[in-house]
Amino acid sequence: MKEANSILTGYGTTIFTVMSALAVEHNAINLGQGFPDTDGPLDILTEAMLATKNQSNQYPPMMGIPELRQAAAAHSKIFYDIDLDWESQTIVTSGATEAIAACLFGLIEPGDEVVLIEPLYDCYLPIVRRAGAIPKLVRIAPPDWDLPYEELEAAFSEKTKLILLNTPTNPAAKVYTIEELEFIAGLIKKHDAYAICDEVYEHLVYDGRQHVPLITLPGMAERCIRISSAGKTFSMTGWKVGYSVGAAKLINAVSKAHQFLTFTTPPNLQKAVAFGLKKDMDYFKGLRGEMESKRDRLSKGLASIGFEVMDSQGTYFLAADFRPLGFDCDDVKFCKDLTKDSGVAAVPFSAFYQAGTDSGVNHFVRFCYCKQDHIIDTALERLSDYFNRI
Ligand code: PMP
Ligand code: GLN
């Protein structure tokens with residue numbers, strides 16, 4: 001029998017699914033896979049319900065419903081002063097994941113090089129490779145996760161088609177500085193490349209930091225696609241409504257892939273997300289403030305238990321080093337034991353590096369803090385009991 005595709009079958013089941021299944025099996029609190037344990041705003045849920053009942057549930061337009069595309073353009077204008085023509089410069093996709101795949105399939109020619117920064121979100125490498133591109137990996141390292149300028153420069157060549165940039169970044173919880181973004185923009189211009197900018201955590205940046213989309217830097221409007229997702233902005237990760245904005249030429253290329261991948265996205269959810277994007281500033285500030293206080297709650301608790309906790313500048317996540325607790329096993333064993341024996345699940349950091357390479361950070365775990373305060377407190381109690389016991 002002929003084999004299935006070797007690139008994709010070479011990957012196991014995603015770490016999020018593996019750890020969530022283990023959490024269920026052991027009745028553990030799931031601080032692994034990144035999803036809130038309460039749903040987002042009731043008015044957005046109600047809007048989806050009303051749209052389901054009162055509007056057509058047949059195929060909406062391939063590019064997305066005008067209302068959501070207009071709302072996405074307006075949102076980028078309000079928050080970042082980006083001027084967009086909604087008809088040629090916006091597209092709705094089924095989650096940011098589909099947007100990433102459609103961008104890569106739409107832009108890559110087999111043999112192109114794609115620059116990526118490790119640790120990275122798990123779907124990037126498989127899709128880049130399946131699209132026929134050659135990944136060029138650069139690493140940021142703890143505790144500061146600073147961008148190594150020389151290594152990044154060396155990763156670019158005349159074959160570079162694009163860089164896939166994620167800020168705020170999962171799992172390192174780093175928010176790229178303006179200087180770093182300027183450096184990246186310089187390389188993009190020098191090498192006539194593009195950037196796919198995964199900005200799903202755009203509203204989750206803390207301590208007074210600002211999210212700066214790369215597309216707002218000089219010369220970047222023609223070269224960047226900015227991707228966001230309702231999953232993170234409205235705490236409905238199951239909805240899988242994403243959108244991308246950028247130069248008409250790039251969005252057109254994305255649409256050529258999107259039309260053959262999913263073609264469209266549920267109309268009721270698009271309608272509700274359009275409603276959500278029109279919320280006033282208080283909503284977005286509230287979301288950020290709430291998540292920042294959860295970050296503080298979990299960071300402080302883990303530090304008092306004995307973890308060395310890295311700074312979490314944004315996202316749902318924080319990275320913690322478990323060596324100060326006296327463990328020298330690898331991160332996968334640590335996370336599996338933790339889930340079974342303490343009743344708290346987390347994700348091993350090595351999952352965010354190219355498989356088969358030494359990440360150099362085999363003693364880190366990623367904890368997710370977008371959970372109710374009493375759940376965070378119970379998780380901390382369980383962890384404290386566990387480390388006192390062993
Ligand atoms: N990018 C990053 C960095 C993520 O953490 C996630 C996880 N939600 C996604 C993309 C996927 O977003 P969506 O669920 O909208 O497909
Ligand atoms: N983005 C989520 C995380 O990083 C997981 C999404 C998924 O399970 N595919 O935890």
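Computed from a predicted model, the values in this text were never measured in an experiment. Counting convention: from 1, in listed order, for ligands and their atoms alike. Both backbone and side-chain heavy atoms feed into the values below; hydrogens, waters and symmetry mates do not.
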Looking at [X], which atoms of ligand 1 are within less than 4.0 Å of one of its heavy atoms?
| X | answer |
| --- | --- |
| Val200 | 1 (N), 2 (C), 4 (C) |
| Gly95 | 15 (O), 16 (O) |
| Lys232 | 6 (C), 7 (C), 8 (N), 12 (O) |
| Asn170 | 3 (C), 4 (C), 5 (O) |

May I ask you to identify the nearest protein heavy atom to [atom], giving residue, atom name and distance to one decimal place in Å?
| atom | answer |
| --- | --- |
| atom 9 (C) of ligand 1 | Tyr121 CE2, 3.5 Å |
| atom 2 (C) of ligand 1 | Asp198 OD2, 3.4 Å |
| atom 16 (O) of ligand 1 | Thr97 OG1, 2.5 Å |
| atom 14 (O) of ligand 1 | Lys240 NZ, 3.0 Å |
| atom 8 (O) of ligand 2 | Gln33 NE2, 2.7 Å |

query: Using a heavy-atom cut-off of under 4.0 Å, does the side chain or the backbone of Arg366 touch ligand 2, or both, or neither?
result: side chain

query: Under 4.0 Å from ligand 1, counting heavy atoms only, is it the side chain of Glu98, its backbone, both or neither?
result: neither

task: Mind checking whether Asn166 contacts ligand 1 via backbone (N, CA, C, O), side chain (CB onward), both or neither, at a 4.0 Å heavy-atom cut-off?
output: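 Asn166 to ligand 1: side-chain contact only, backbone stays beyond 4.0 Å.
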
message: Check contact between Phe35 and ligand 2, using heavy atoms of the residue and a distance below 4.0 angstrom.
response: no

Near [X] [atom1], under 6.0 Å, is it more than 12 heavy atoms from other residues, nucleotides or ligands?
| X | atom1 | answer |
| --- | --- | --- |
| Glu222 | CD | no |
| Asp280 | CG | yes |
| Lys279 | NZ | yes |
| Arg139 | CZ | yes |

field: Tyr316 and its ring-ring contact (aromatic ring centres under 6.0 Å, His included) partner, picked from Phe35, Tyr369, Tyr201
entry: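 Going through the options one by one, the only one that passes is Tyr201.
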
task: Could you check Phe349, Phe334, Phe317, Tyr353 and say which one makes a ring-ring contact (aromatic ring centres under 6.0 Å, His included) with Phe364?
output: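 Exactly one option meets the ring-ring contact (aromatic ring centres under 6.0 Å, His included) with Phe364, and it is Phe349.
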
Sub-3.5 Å N/O-N/O distance, [X] and ligand 1:
| X | result |
| --- | --- |
| Ser229 | yes |
| Thr237 | no |
| Ala96 | yes |

- request: Given side-chain hydrogen bond (donor to acceptor under 3.5 Å, both in side chains), test Glu98 with His258 step by step and report yes or no.
  value: CA-CA 8 Å; Glu98 196 225 336; His258 165 73; 2.8 Å; yes

- request: Take Asn30 and Ser20 through the test side-chain hydrogen bond (donor to acceptor under 3.5 Å, both in side chains) and record every step on the way to the result.
  value: CA-CA 7 Å; Asn30 192 350; Ser20 286; 3.0 Å; yes

query: Does Lys174 make a cation-pi contact with Tyr176, if we ask for NZ or CZ under 6.0 Å from the ring centre and within 45° of the axis?
result: yes

Qualifying residue for side chain to side chain donor-acceptor pair (under 3.5 Å) with His211, from Arg288, Glu199, His203: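 Among the candidates, only Glu199 passes.
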
- prompt: Quick one: which ligand 2 atoms are inside 4.0 Å of a heavy atom on Tyr121?
  reply: 1 (N), 4 (O), 5 (C), 6 (C), 7 (C), 9 (N)

task: Mark up the atoms of ligand 2 that fall under 4.0 Å of a heavy atom belonging to Phe317, in ascending order.
output: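 With Phe317 as reference, the close atoms of ligand 2 come out as 3 (C), 4 (O), 10 (O).
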
Can you tell me how far [atom2] of [Y] sits from [atom1] of [X], rounded to the nearest 0.5 angstrom?
| X | Y | atom1 | atom2 | result |
| --- | --- | --- | --- | --- |
| Arg69 | Asp85 | CZ | CG | 8.5 Å |
| Ser76 | Ile82 | OG | CD1 | 4.5 Å |
| Leu68 | Met63 | CG | CE | 12.0 Å |

task: Check each of Asn170, Thr237, Thr315 against atom 4 (O) of ligand 2 and report the one with the nearest heavy atom.
output: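 Nearest heavy atom to atom 4 (O) of ligand 2 lies in Asn170.
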
query: atom 5 (C) of ligand 2: which of Tyr316, Phe16, Phe352 has the nearest heavy atom?
result: Phe16

- prompt: Contact between Tyr201 and ligand 1, counting heavy atoms under 4.0 Å?
  reply: yes

